[in-house]
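Atoms within a ligand are numbered from 1 in the order they appear, just like the ligands themselves.
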Amino acid sequence: MLILTAKDIEKCYTMKAAIAADKQALKIYTQGNSDVPLRINFDMQKGQCLFMPAHIKGSDIVGIKIVSVFPNNPKLGKPSVPAQVLMLDPQTGEVCAMLDGTFVTQLRTGAVQGAATDLLARKDASRAVLIGTGGQAVSQLEAMLTVRPLTDVAIFDIDFQKAKQFTIDMKHHFSHFSTNLYFSQNLDEEISQADIITSVTTSKVVTFNGDKVKPGTHINGIGAYTPHMHEIPEVIVKNANIRVLDTKEGVLAEAGDIIDPIKQKLVSKNDFLELGDLVQNPMLCRQNDQQITLFKTVGTAVLDVYIGYDIYLKAKEKGIGTYL
Ligand SMILES: NC(=O)c1ccc[n+]([C@@H]2O[C@H](COP(=O)([O-])OP(=O)(O)OC[C@H]3O[C@@H](n4cnc5c(N)ncnc54)[C@H](O)[C@@H]3O)[C@@H](O)[C@H]2O)c1
């Protein structure tokens with residue numbers, strides 16, 4: 001069994017590869033060529049364990065992400081949300097790889113936004129706004145920088161200190177992109193100039209003023225994952241010209257910012273496409289520079305498992321990782 005840490009994965013796998021893998025994974029999903037059973041949750045005395053398997057038919061890629069939520073772990077010097085992705089060998093059914101699940105989640109979540117931004121944002125998009133500077137934010141920023149040659153990215157968080165430090169760190173980390181990354185407190189002004197907006201927060205309420213969004217903007221909602229969470233303003237869900245979800249099944253069951261406008265009959269379920277539809281048929285992507293486009297994701301095990309196997313193959317090819 002090959003053990004792959006976050007550092008190992010960084011050495012052998014790029015955001016560009018992750019974006020291509022996510023596009024392929026969601027195309028397979030939308031075509032009905034994967035099995036994704038419902039997540040299994042076990043409540044334990046000190047936390048909760050979640051099991052998320054997926055099977056890609058045809059290529060017989062099978063794997064599972066195991067995520068545990070144990071709030072007291074930090075007192076023991078351990079992460080509160082440990083996660084692993086286990087991959088099985090299609091020939092023997094044996095576990096062939098164990099990958100750092102936290103890093104795989106960050107990578108595939110950034111990449112799915114990158115895939116959507118690539119397919120939906122204006123080709124000449126130059127200014128972006130990143131709202132939220134937590135654990136998912138680095139890969140979200142990297143994905144936007146990867147798919148468009150941005151001149152400026154404004155970085156915002158309700159925690160100004162955190163956003164300031166994140167900006168300093170990212171200027172260093174992503175200096176090779178030569179994009180002007182800057183901390184901003186004036187979100188309304190940034191939103192009114194943005195070509196791409198990515199919100200990746202734990203907020204229960206909308207994170208920006210939808211009335212400030214200009215025609216032609218592409219918006220990504222990454223955070224809200226329960227029916228009580230709303231990150232994307234209703235006016236955007238209602239007025240967007242193209243609305244795309246990673247999976248209809250997941251988003252329409254989990255994301256409050258999409259569920260509520262449907263309940264209020266501002267939009268209907270039929271007004272949403274899946275990202276896999278766009279990968280199969282580029283005619284469904286943006287038609288002109290004035291359209292507002294929206295992408296919402298809550299994640300799916302297909303992404304973890306498809307990308308997990310792709311990383312495993314690349315690591316094996318390059319001789320990276322440790323065999324157990
Ligand atoms: N779509 C997916 O597949 C997927 C995958 C992983 C995580 N997520 C979700 O993404 C979200 C972010 O994850 P994370 O690990 O970065 O969380 P985190 O807790 O590390 O960081 C969240 C950040 O959001 C900021 N924030 C909260 N409310 C805000 C607001 N109103 N305006 C601006 N900033 C605000 C916080 O200050 C914090 O810095 C979570 O909701 C998580 O569940 C989604």
### Query
So is E231 close enough to ligand 1, meaning a heavy atom under 4.0 angstrom away?
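The answer is no: ligand 1 sits nowhere under 4.0 Å from a heavy atom of E231.
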Is [X] close to ligand 1, meaning an N/O of one under 3.5 Å from an N/O of the other?
X: G135; result: yes
X: V200; result: no
X: D157; result: yes
X: Q136; result: yes
X: T207; result: no
X: M229; result: no

Can you check whether [Y]'s main-chain N or O pairs, donor with acceptor, with [X]'s side chain at less than 3.5 Å?
X: T300; Y: L303; answer: no
X: N281; Y: L278; answer: no
X: D89; Y: E94; answer: no
X: D35; Y: K57; answer: no

Measure the distance from [atom] to every protein heavy atom, then report the residue, atom name and distance (to 0.1 Å) of the closest one.
atom: atom 11 (C) of ligand 1; result: T201 O, 3.3 Å
atom: atom 21 (O) of ligand 1; result: G134 CA, 3.2 Å
atom: atom 5 (C) of ligand 1; result: T109 OG1, 3.3 Å
atom: atom 31 (N) of ligand 1; result: S203 OG, 3.3 Å
atom: atom 8 (N) of ligand 1; result: I222 O, 4.0 Å
atom: atom 10 (O) of ligand 1; result: G223 CA, 3.7 Å
atom: atom 3 (O) of ligand 1; result: R108 NH1, 2.8 Å
atom: atom 35 (C) of ligand 1; result: I158 CG1, 3.4 Å

### Query
Between K214 and D195, does a salt bridge (Lys or Arg N to Asp or Glu O under 4.0 Å) hold up when you go through it step by step?
CA-CA 8 Å; K214 65 173 181 168; D195 304 315; 2.9 Å; yes
### Message
I'd like to know if R108 pairs up with D22 as an ion pair, taking the criterion as any Lys NZ or Arg NE/NH1/NH2 lying under 4.0 Å from an Asp or Glu carboxylate oxygen.
### Response
no
### Donor-acceptor side-chain pairing of E234 and Q264 below 3.5 angstrom
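Indeed, the side chains of E234 and Q264 share at least one donor-acceptor pair under 3.5 Å.
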For [X], take its heavy atoms, then give the atoms of ligand 1 lying under 4.0 Å from any of them.
X: K162; result: 38 (C), 39 (O)
X: G299; result: 1 (N), 2 (C), 3 (O)
X: I131; result: 33 (C)

### Query
Quick one: which of R122, H218, R286 gives a side chain to side chain contact (heavy atoms under 4.5 Å, CB included) with Q291?
R286
### Message
Quick check on K238: does its NZ atom have over 12 non-hydrogen neighbours (other residues, nucleotides or ligands) under 6.0 Å away?
### Response
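Not more than 12 within 6.0 Å, no.
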### Task
Please state which part of T202 comes within less than 4.0 Å of ligand 1, counting heavy atoms only: side chain, backbone, both or neither.
both
### Query
Relative to ligand 1, is Q140 under 4.0 angstrom through side chain, backbone, both or neither, heavy atoms considered?
neither
### Query
Can you check side-chain contact (heavy atoms from CB on, under 4.5 Å) on D100 and Q84, steps first, answer last?
CA-CA 5 Å; D100 179 317; Q84 260 80 39; 5.9 Å; no
#### Entry: F183/F156 under ring-ring contact (aromatic ring centres under 6.0 Å, His included): CA gap, chis, key distance, verdict
CA-CA 6 Å; F183 159 71; F156 178 87; 7.9 Å; no
### Query
Do the rings of F177 and F174 sit parallel, tilted or perpendicular, given the 30° and 60° boundaries?
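Taking F174 first and then F177, their aromatic rings stand perpendicular (interplane angle over 60°).
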